[in-house]
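One structure below.
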Amino acid sequence: MSPQSLRHLVIILGDQLDADALALTDFDPTRDALWMAEVAEESTHIPSSKQRTALFLSAMRHFAKAQRALGRLLHYTLLDDTANTGTLAGELTRTLAHTRPEKLVMNAPGDWRVLKAIQAVAREHNIPLDLKDDTHFITTVREFAAHAKGRKQLRLEYFYREVRRKTGLLMESNDPTKPIGGQWNFDADNRGAFPAEGPTNVPPPVRFAPDAITRDVMALVQTRFASNPGTLDSFAWPVTRAQALDVLAAFITHRLPLFGRYQDAMWQGEVWLYHSHISCALNLKLLHPLEVARAAEQAYQRGDAPLEAVEGFIRQVIGWREYVRGIYWTQMPEYIDRNALQAEHPLPAVYWTGESEMACMRDAVQQTLAHGYAHHIQRLMVTGLYALLFGARPQEVHAWYLGVYVDAVEWVELPNTLGMSQFADGGVMASKPYAATGKYIQRMSNYCKGCRFKPDERIGPNACPMTTLYWDFLIRHQPLLAQNPRMALQVRNVDRISDDEKQAIQAQATAHRAQAG
Ligand code: FAD
Ligand code: SF4
């Protein structure tokens, strides 16, 4: 094929690794070519952890190999190509300097920044850009926007019910308007803590020894991004669809039955528990959310997993995941700069070192740096809670979450971090801040048993920093939070504290911030 006769140049980004994507359905090997690029910018615009970069690069190389095996022409820039400009826009420009396709075709990118960069290149070269709907979601952004239109407040529950009706998942077969079990949501049954002896017989996670492609990538990441966060020693994530399907199958068989009960529970040193560990595969598009949800539903139909576990899991996959994407695309680009609580402190050093006297933070951050993974409650109610109460600048918190987790892509990470966890959007995502004392962590884990602080003390040498900062948070934001009916009870408790004690709490919080900096 001569460069002049190229019909479509099909752009495939690192998180678009699906051979059946819409952008590829019309692929004609005699007239079209694929385009992929490994670029440093994606690991440096925020410092991406070594695990995250290695996962993306390895999955991209495996995908590229499979596409070449189909005989497809592929323009692929390696990270260590000496001519690599380091940016997606730069690489696309370089390709277009010697290739003139009639059209650029791609699935709509997940990130605003990337969309803008590619649109700018297409405009500059005066080449049409055909953006296909990303069929890797169950709902479109248009559907979400229609749902959101005219609503004063957006809440997951109503959107989730619409998606349940649309898919028929867990709906009565004789009346598809009715949820199986007579209720939509079994959240109240999904908040168990482990018994005193902790979790027993947790099934081992499905992990993959790095193959030659992954080992090459790991060596490259190790030298190229030596100072980026985290380590690669434990790298074992799924990098192909076949591997991702293995992780899903093992979850459905071994972990799903207890997923619901222990969804919120944490335990020192227990990284994997009863979670699915499929978020990275879903976000790279190695798995489709509907196949994941159907697999869980079938486990319920076979009698292999209880309804509360299956509903709880399906709600995450077809509810929260779709909902945060809708929030992202209907709120960007202003969303990323929001800071409703005017939090301006720098993110404390523990986020990068994992060194802290706070046992909960130490465990959650150390496992994050080692594996690029922590489960939802560790993210929301340990690292997220601490940043919220500390008053860390939400954009720094966002950069941390986007950098360190293997599943982090901005469309999903940003609303979770800036909205749900930091309340920086003023309540678009969550109806109230997720603020709690150390007693929540004590209830849901064994962290406090191994900690020198006392979760029920708010001042004094043994006071738990989470608890001190919680009261400081309520005192600092009392006027704003008092307007929120869901916070009224919490905020009224501030009035029961004497002025002297309030001052002591604030002084201790200030001292903690200075020392944690
Ligand atoms: P499981 O607990 O087994 O849940 C099943 C699946 O449900 C997940 O794989 C995921 O795809 C989906 N899911 C669950 N909760 C959410 C949610 N709140 N939003 C979107 N999808 C959800 N998830 C990401 O995929 N990428 C991120 O960058 C990300 N950043 C987060 C940042 C913060 C501050 C918080 C509080 C949550 C974040 N989440 C993110 C959501 C959630 O924590 C992860 O999806 C989950 O921990 C991944 O582990 P798992 O696959 O074992 O999930
Ligand atoms: Fe965390 Fe406080 Fe418990 Fe220590 S006492 S583990 S700091 S919640």
Side-chain angles (χ1 to χ4, degrees), residues 15 52 110 156 190 205 247-248 251 255-256 259-260 262-264 266 268 271-284 287 289 292-293 296 312-325 327-328 356-364 372-388 394 397-398 400-422 429-430 434 436-457 462-470 512:
D15 64 345
R52 178 173 180 267
L156 168 79
N190 288 348
V247 176
L248 174 63
F251 166 72
R255 313 180 107 80
L256 177 60
F259 171 84
Y262 296 129
Q263 194 178 338
D264 289 2
M266 302 173 277
Q268 165 81 37
V271 178
W272 310 108
L273 293 168
Y274 294 98
H275 293 269
S276 65
H277 325 130
I278 56 164
S279 48
C280 57
L282 275 167
N283 297 349
L284 296 186
L287 292 176
V292 167
F313 178 72
I314 285 180
R315 179 161 17 97
Q316 311 305 315
V317 176
I318 70 163
W320 279 113
R321 190 166 179 276
E322 303 278 323
Y323 181 76
V324 298
R325 175 174 180 253
I327 297 266
Y328 179 82
S356 173
E357 286 189 301
M358 299 169 70
C360 53
M361 282 296 289
R362 199 168 57 230
D363 192 62
Y373 178 83
H375 75 65
H376 186 66
I377 292 301
Q378 291 175 301
R379 297 187 205 196
L380 185 65
M381 298 309 288
V382 179
T383 46
L385 175 65
Y386 185 53
L388 170 76
V397 186
H398 150 62
W400 185 77
Y401 278 97
L402 185 56
V404 294
Y405 289 107
V406 287
D407 56 26
V409 193
E410 193 175 275
W411 64 263
V412 51
E413 175 279 328
L414 186 69
N416 269 302
T417 303
L418 197 117
M420 187 190 294
S421 154
Q422 302 301 298
M429 256 300 272
Y434 280 88
T437 66
K439 283 199 268 186
Y440 173 84
I441 293 173
Q442 182 183 37
R443 198 164 62 248
M444 297 310 299
S445 75
N446 68 340
Y447 288 143
C448 304
K449 281 193 183 142
C451 185
R452 84 159 190 81
F453 299 115
K454 305 260 176 293
D456 46 2
E457 292 184 20
N462 298 326
C464 161
M466 293 286 193
T467 304
T468 308
L469 291 169
Y470 167 82
H512 175 81

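Being a predicted model, the structure only gives us computed values, none of them experimental. In listed order, ligands and their atoms are each counted from 1.
- For the pair Tyr323 and ligand 1, no heavy-atom separation below 4.0 Å is found.
- Here Arg379 pairs with Asp407 in a salt bridge; the nearest charged N to carboxylate O distance falls below 4.0 Å.
- Every atom of ligand 2 is numbered from 1 in the order shown, and the set under 4.0 Å from a heavy atom of Tyr447 is 6 (S).
- Looking at heavy atoms from C-beta onward, Tyr440 lies out of side-chain contact with Leu385 at the 4.5 angstrom threshold.
- Closest to atom 2 (Fe) of ligand 2, if we only count protein heavy atoms, is Cys464 SG, 2.3 Å.
- The shortest contact between atom 47 (O) of ligand 1 and any protein heavy atom is with His376 N, 3.3 Å.
- Tyr262 places none of its side-chain heavy atoms less than 4.5 Å from the side chain of Leu273.
- At a heavy-atom distance under 4.0 Å, atoms from both the backbone and the side chain of His275 approach ligand 1.
- Below 3.5 Å of separation, one finds no N or O of Leu380 facing any N or O of ligand 1.
- Close contacts between ligand 2 and Gly438 involve ligand atoms 8 (S) [criterion: under 4.0 Å to a heavy atom].
- For atom 7 (O) of ligand 1, the closest heavy atom belonging to the protein is Gln316 CB, 3.1 Å.
- Here the CD-CE distance, from Gln378 to Met266, works out to 7.0 Å after rounding to the nearest 0.5 Å.
- Heavy atoms of Tyr373 found under 4.0 angstrom from ligand 1 belong exclusively to the side chain.
- If you number the atoms of ligand 1 from 1 as listed, the ones under 4.0 Å from a heavy atom of Phe313 come out as 5 (C).
- When hydrogens are left out, the protein atom nearest atom 6 (C) of ligand 1 is Val317 CG2, 3.8 Å; that is the closest non-hydrogen contact.
- A donor-acceptor contact closer than 3.5 angstrom links the side chains of Asp363 and Tyr447.
- Of the listed residues (Gln422, Arg379, Met381), the one carrying the non-hydrogen atom nearest atom 29 (C) of ligand 1 is Arg379.
- Neither the backbone nor the side chain of Phe251 comes within contact range of ligand 1; no heavy atom lies under 4.0 Å.
- At the shortest separation from atom 23 (N) of ligand 1 among protein heavy atoms lies Val412 CG2, 3.7 Å.
- Between Asn416 and His376, the closest side-chain pair of non-hydrogen atoms falls below 4.5 Å.
- What sits closest to atom 25 (O) of ligand 1 on the protein, heavy atoms only, is Asn283 ND2, 2.9 Å.
- Residue contact check: Cys451 has heavy atoms under 4.0 Å from atoms 4 (Fe), 5 (S), 6 (S), 7 (S) of ligand 2.
- A centroid separation of less than 6.0 Å is found between the aromatic rings of Tyr386 and His512.
- Atom NE2 of His398 sits about 12.5 Å away from atom OG of Ser421, to the nearest 0.5 Å.
- Among protein heavy atoms, atom 3 (Fe) of ligand 2 sits closest to Cys448 SG, 2.3 Å.
- In terms of protein heavy-atom proximity, atom 45 (O) of ligand 1 is nearest to Ser279 CB, 4.0 Å.
- Counting heavy atoms closer than 4.0 Å to ligand 1, residue Asp407 contributes atoms from both its backbone and its side chain.
- Tyr373 and Ser279 are not linked by any side-chain donor-acceptor pair at a separation below 3.5 angstrom, with hydrogens and angles left out of the test.
- When each atom of ligand 1 is checked for a heavy atom of His375 under 4.0 Å away, the hits are 47 (O).
- In summary, the atoms of ligand 1 found under 4.0 Å from a heavy atom of Phe259, numbered by their order in the structure, are 1 (P), 2 (O), 3 (O).
- Taking every heavy atom of Ala374 and a limit of under 4.0 angstrom, the matching atoms of ligand 1 come to 47 (O).
- Expressed to the nearest 0.5 Å, how far CG of Leu414 lies from CD of Gln422 amounts to 11.0 Å.
- A parallel orientation is assigned to the rings of Tyr405 and Tyr401, their planes being inclined by less than 30° (bins at 30° and 60°).
- When all heavy atoms are compared, the tightest approach of Gly450 to Ala359 is O-CB, 3.8 Å.
- For atom 1 (P) of ligand 1, the closest heavy atom belonging to the protein is Ser276 OG, 3.7 Å.
- For atom 6 (S) of ligand 2, the closest heavy atom belonging to the protein is Cys360 N, 3.5 Å.
- Two residues are said to be in side-chain contact when any heavy atoms from C-beta on lie closer than 4.5 Å; Met429 and Val324 meet this criterion.
- Here the straight-line distance linking atom CD1 of Ile441 with atom CD1 of Ile377 works out to 10.5 Å at 0.5 Å rounding.
- By the 4.5 Å heavy-atom criterion applied to side chains, Val382 and Met361 are counted as neighbours.
- Look at Pro289 and you'll find every heavy atom at least 4.0 Å from all atoms of ligand 1.
- Set against the non-hydrogen atoms of Phe453, the atoms of ligand 2 under 4.0 Å away are 5 (S).
- At a threshold of 4.5 Å between non-hydrogen side-chain atoms, the residues His375 and Gln263 do not count as touching.
- When the heavy atoms of Thr383, Leu282, Leu156 are ranked by distance to atom 11 (O) of ligand 1, first place goes to Leu282.
- At least one heavy atom of Tyr401 sits less than 4.0 Å from an atom of ligand 1.
- Among all non-hydrogen protein atoms, the one lying nearest atom 31 (C) of ligand 1 is Asn416 CB, 3.6 Å.
- When side chains are defined from C-beta on, Thr467 does not count as touching Lys454, because their heavy atoms never get closer than 4.5 Å.
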